2 protein chains.
Amino acid sequence: MPPVSVESAAERGIPDAAVARLPGYLRALDTMTASGIASVSSEELAVEAGVSSAKLRKDLSHLGSYGVRGVGYDVSHLRYEISRALGLTHDWPVVIVGMGNLGRALAQYGGFEQQGFSVVALLDHDPEVVGQRVGDLVVQPMTVLPALTGSGVVIGVIAAPAQAAQDVADALVGAGIGSILNFAPSAVNVPDGVQVRRVDLASELQILAYHEQRRVESAESGAPADGTAASASARTVGVAR
Amino acid sequence: MPPVSVESAAERGIPDAAVARLPGYLRALDTMTASGIASVSSEELAVEAGVSSAKLRKDLSHLGSYGVRGVGYDVSHLRYEISRALGLTHDWPVVIVGMGNLGRALAQYGGFEQQGFSVVALLDHDPEVVGQRVGDLVVQPMTVLPALTGSGVVIGVIAAPAQAAQDVADALVGAGIGSILNFAPSAVNVPDGVQVRRVDLASELQILAYHEQRRVESAESGAPADGTAASASARTVGVAR
DNA sequence: ACGCCCTTGTGAACATTTGCACAAAGTCGC
DNA sequence: GCGACTTTGTGCAAATGTTCACAAGGGCGT
């Protein structure tokens, strides 16, 4: 393999784990801005975001060197740099597919707009639902998808039932959508190059149930209780480390 | 450090990454049961769940040896074993705190019951909201929390606004809740031993935005497009590491 | 101008997770 | 019964992620 590009210093190729935490830092910075705080140390920001300061500094180091040694980070500048790294310097148009309970709730949620996204279209497969008004928008048929992607929509949200999720995903991908947020309780298969993230309430609860069960079992056998995900205590119980 | 406990074969201490995927396998198995499939290979199940078959087999190996070489897994038996590992052999009662739009949507969602959870109480801080009926339940004041935990509720869902999230978390922890699912767009700090998982729509979208941005940048510089999270192509481009 | 003190940015050790490849182990046809 | 075939379970290596610990820098008081 030849050298290839050189990766302009930092800026390109932030590790996945770090990317997944950047939104949390952004939110913490917003909270601080609201409190009138102009400068933070990695330690303070780490507490607010719920991570360790070492992890925070390592994560930020992937975007560049925006702190001042001995002082900390300028809140508004760091906010800008993280926004830029995430690609939030402009709003991203989003289409939501599936106007059941969940889809309606999402459409009216409003939390998107604040964070750099705008819902520009709501779609549903059912002719009964098409034409209904939800919030400020009118539900449109699936056939408008190509027109949407043609005008720059690249992120799609699947709020359809599980059995329809794969069909919706296929339609989205077929129309040129490159990133999908899937709320349906099922996995969807997409070609390489298409990003999918899943949000599933039941799965999250089941993961919590596992830890609760462990706690019960530990209590029964007299062992110390399970630790938090964040802290390093759990699962290493009694191990030297 | 001395030997410690010995970890009864498998059964105890399943890696976090594996635990996080078990709900997906469970769901895939349910789908297959519904289709009348009685036996699956790791390859088939892996496709349905959206993971690689090697990963699937490794994950399952942590719970024990429930497959038959040359044949595959018995769908219903494997389903049972995963349920057991996750602690889903009985229903877990859940309390939802915060009856705004999101809280109401969650309370009426119904997806919990199917998956081994039952919403047994809805709470809100606002006296105006207390007493209202949401679905089959009546909203109660925060003061009933200790009574709930006393009767066995150990999982709490935070559906309150961000600025109230930490107070709600403190109240939950104070009452004895051991696991929290946080829908508020903020991190909450809890003592060691309390599990917290966060679900945040805006964060997920921001992560997708990052990948979309990379796609655009790659296209501009003439490089090949970004790969899927699963594939290992992206991010290793040209870096020595 | 100087030196002290504080916090960043990062190299290196450690831990976890993923992927590969194959021996072990079981079924099925004959 | 037996051999061919299939698929599991796992040892090992590579990749990824986390933590530690400290040198490098920069501000601030004097």
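Here the structure is a predicted model, which means the values were calculated and not measured. Each chain gets a letter, A, B and so on, in the order its sequence line appears, and its residues count up from 1.
For B:L60 and D:dT7, the CG to C1' distance is 13 Å, given to the nearest whole Å. For A:K55 and C:dG9, the NZ to C1' distance is 18 Å, given to the nearest whole Å. When the P atom of D:dT18 is taken as reference, atom CG of A:D59 falls 7 Å away, rounded to whole Å. Protein atom CG of A:L78 is 11 Å distant from nucleotide atom P of C:dT8, rounded to whole Å. Atom pair A:R21:CZ and D:dG17:C1' shows a separation of 8 Å (rounding to whole Å applied). Remark: C1' of D:dC20 and CG of A:L56 are 16 Å apart, rounded to the nearest angstrom. Residue B:Y66 contributes atom OH, which lies 18 Å from atom C1' of C:dA25 at whole-angstrom precision. To the nearest angstrom, P of C:dT18 lies 10 Å from NE2 of B:H62.
Taking CD of B:Q195 as the start and CZ of A:R215 as the end, the distance is 7.0 Å to the nearest 0.5 Å. Atom-to-atom distance recorded for A:F117:CZ and B:L208:CG is 7.5 Å, nearest 0.5 angstrom. Once rounded to the nearest 0.5 Å, the distance linking CG of A:L201 with CZ of B:F183 reads 4.5 Å. Note that the OG1 atom of B:T31 and the CG atom of B:L26 stand 10.0 Å from one another [nearest 0.5 Å].
You'll find that the side chain of B:S65 is closest to D:dG9, out of C:dT18, C:dG9, D:dG9. With D:dG17, D:dT8, C:dT17 as the candidates, the nucleotide lying closest to the side chain of A:D16 is D:dG17. For B:S61, taking side-chain heavy atoms from C-beta onward, the closest of the listed nucleotides D:dT18, D:dT10, C:dG9 is D:dT10. Closest contact between the side chain of B:R69 and the listed nucleotides D:dC20, C:dA25, C:dT17 involves C:dA25. For A:P15, taking side-chain heavy atoms from C-beta onward, the closest of the listed nucleotides C:dT17, D:dG17, C:dG19 is D:dG17. Distance from the side chain of A:R57 is smallest for C:dG9 among the nucleotides C:dT17, C:dG9, C:dC22. For B:K58, whose side chain is taken as the heavy atoms from C-beta onward, the closest listed nucleotide among D:dC12, C:dA24, C:dT27 is D:dC12.
Checking A:V68 against B:G70, the closest nucleotide of DNA chain D that is more toward the 5' end is the one next to B:G70. Of the residues near DNA chain D, A:V71 and A:A54, the one whose nearest nucleotide (by heavy atom distance) lies more toward the 5' end is A:A54.
Closest approach of A:I158 and A:A165 over heavy atoms only: CD1-O, 3.9 Å.
Side-chain atoms of B:Q115 do not come within 3.5 Å of backbone N or O of A:S203 as any donor-acceptor pair. For the pair B:N182 (side chain) and B:S186 (backbone), a donor-acceptor distance under 3.5 Å is present.
Less than 4.0 Å separates DNA chain C from no heavy atom of any residue of residues 26-50 of chain B.
Using cut-offs of 30° and 60° for the angle between ring planes, the A:H77 and A:Y80 rings count as parallel.
For the pair A:Y73 and C:dG9, the criterion of a side-chain N or O lying under 4.0 Å from OP1 or OP2 is met.
Among the protein residues, B:S53 comes within range of no part of the nucleic acid, since none of its heavy atoms lies under 4.0 Å from any strand.
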